[in-house]
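Written out below as structure tokens is the structure these notes cover.
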Amino acid sequence: MLSPILVYIIVALIAGVGGFYISYRFNKSAYAATNRSGDFGTPRGGFFALLGGALIAMLFVNIGYQFGFIPTEAGSIAFMLAIGLGAASGIAGMFMGTSNRSKKEENKDDGDGSK
């Protein structure tokens, strides 16, 4: 059984890093930039990418709680931490990814030799 503080740190790392990475990589892709048809491009796919870290961390907390790795008193706080931090890091990754994508489009060569 892990200490509650250690559980909070592990959940914060999983939710924060995972949420930012998934959302950032999805939102800076050309697929998210061009696909507006709703087949898991930016409209719906962005929602899954935004909450990807939260979903992974909640799954970790649920499995850890069921198998006894997470103490009873740390379960509810770890679950709330996973939801909040996963969503917040996903939002940060979304803004960083879309701003990076717009800078890349501004510097794109038109093919006629001028930028």
Side-chain angles (χ1 to χ4, degrees):
M1 180 152 34
L2 299 173
S3 138
I5 299 296
L6 187 58
V7 169
Y8 302 150
I9 291 171
I10 292 171
V11 169
L13 284 174
I14 291 172
V17 173
F20 182 82
Y21 182 76
I22 292 168
S23 182
Y24 176 76
R25 293 289 302 208
F26 178 78
N27 284 301
K28 84 171 196 173
S29 69
Y31 181 75
T34 58
N35 190 353
R36 302 281 187 230
S37 65
D39 58 347
F40 295 104
T42 301
R44 285 186 284 173
F47 177 74
F48 291 122
L50 184 79
L51 293 176
L55 294 173
I56 292 169
M58 288 187 309
L59 181 65
F60 169 76
V61 170
N62 190 13
I63 291 172
Y65 188 74
Q66 285 181 353
F67 288 112
F69 297 119
I70 296 177
T72 306
E73 64 271 4
S76 61
I77 295 173
F79 200 77
M80 289 185 290
L81 183 66
I83 294 170
L85 193 58
S89 64
I91 290 171
M94 178 185 67
F95 284 123
M96 293 285 291
T98 55
S99 68
N100 188 14
R101 184 175 65 208
S102 64
K103 289 178 187 175
K104 191 188 307 183
E105 288 173 359
E106 290 173 3
N107 295 333
K108 193 173 185 180
D109 190 7
D110 292 336
D112 60 358
S114 64
K115 283 190 176 183

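These numbers come from the heavy atoms of this one structure, side chains and all, not from hydrogens, waters or symmetry mates.
- Taking the side chain as every heavy atom from C-beta outward, Ile83 and Met58 approach each other to under 4.5 Å.
- Taking Ile, Leu, Val, Met, Phe, Trp and Tyr as members and joining any whose side-chain heavy atoms lie under 4.5 Å apart, directly or through other members, the hydrophobic cluster of Ile63 also contains Leu59, Phe67, Phe69.
- Taking CD1 of Ile14 as the start and CD1 of Ile10 as the end, the distance is 7.0 Å to the nearest 0.5 Å.
- Linking Ile, Leu, Val, Met, Phe, Trp and Tyr residues whenever their side-chain heavy atoms come within less than 4.5 Å places Val61 and Leu6 in a single cluster.
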Inset, instruction - Apply side-chain contact (heavy atoms from CB on, under 4.5 Å) to the pair Leu2 and Ile70, showing each step before the final yes or no. - result: CA-CA 6 Å; Leu2 299 173; Ile70 296 177; 5.5 Å; no

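- Note that the OG atom of Ser89 and the OH atom of Tyr24 stand 14.5 Å from one another [nearest 0.5 Å].
- The minimum heavy-atom distance linking Ala54 with Ala87 is given by the pair CB-N, 4.2 Å.
- Follow the hydrophobic side-chain contacts under 4.5 Å out from Leu55 and you reach Phe60 in the same cluster.
- Residue Phe79 is grouped with residue Ile56 when hydrophobic side chains (ILVMFWY) are merged at heavy-atom distances under 4.5 angstrom, including chains of intermediate members.
- Leu50 belongs to a hydrophobic cluster with Ile91, Met94, Phe95, counting contacts under 4.5 Å between side-chain heavy atoms of Ile, Leu, Val, Met, Phe, Trp and Tyr, direct or through other members.
- Two different hydrophobic clusters hold Leu85 and Val17 under the rule that ILVMFWY side chains link at heavy-atom gaps under 4.5 Å.
- Of all non-hydrogen atoms in Ser23 and Ala49, the two that sit nearest each other are CB-O, 3.6 Å.
- Ile22 CD1 to Leu51 CG: the interatomic distance, rounded to the nearest 0.5 Å, is 10.5 Å.
- The number of heavy-atom neighbours closer than 6.0 Å to OH of Tyr8, taken from other residues, nucleotides and ligands shown, is above 12.
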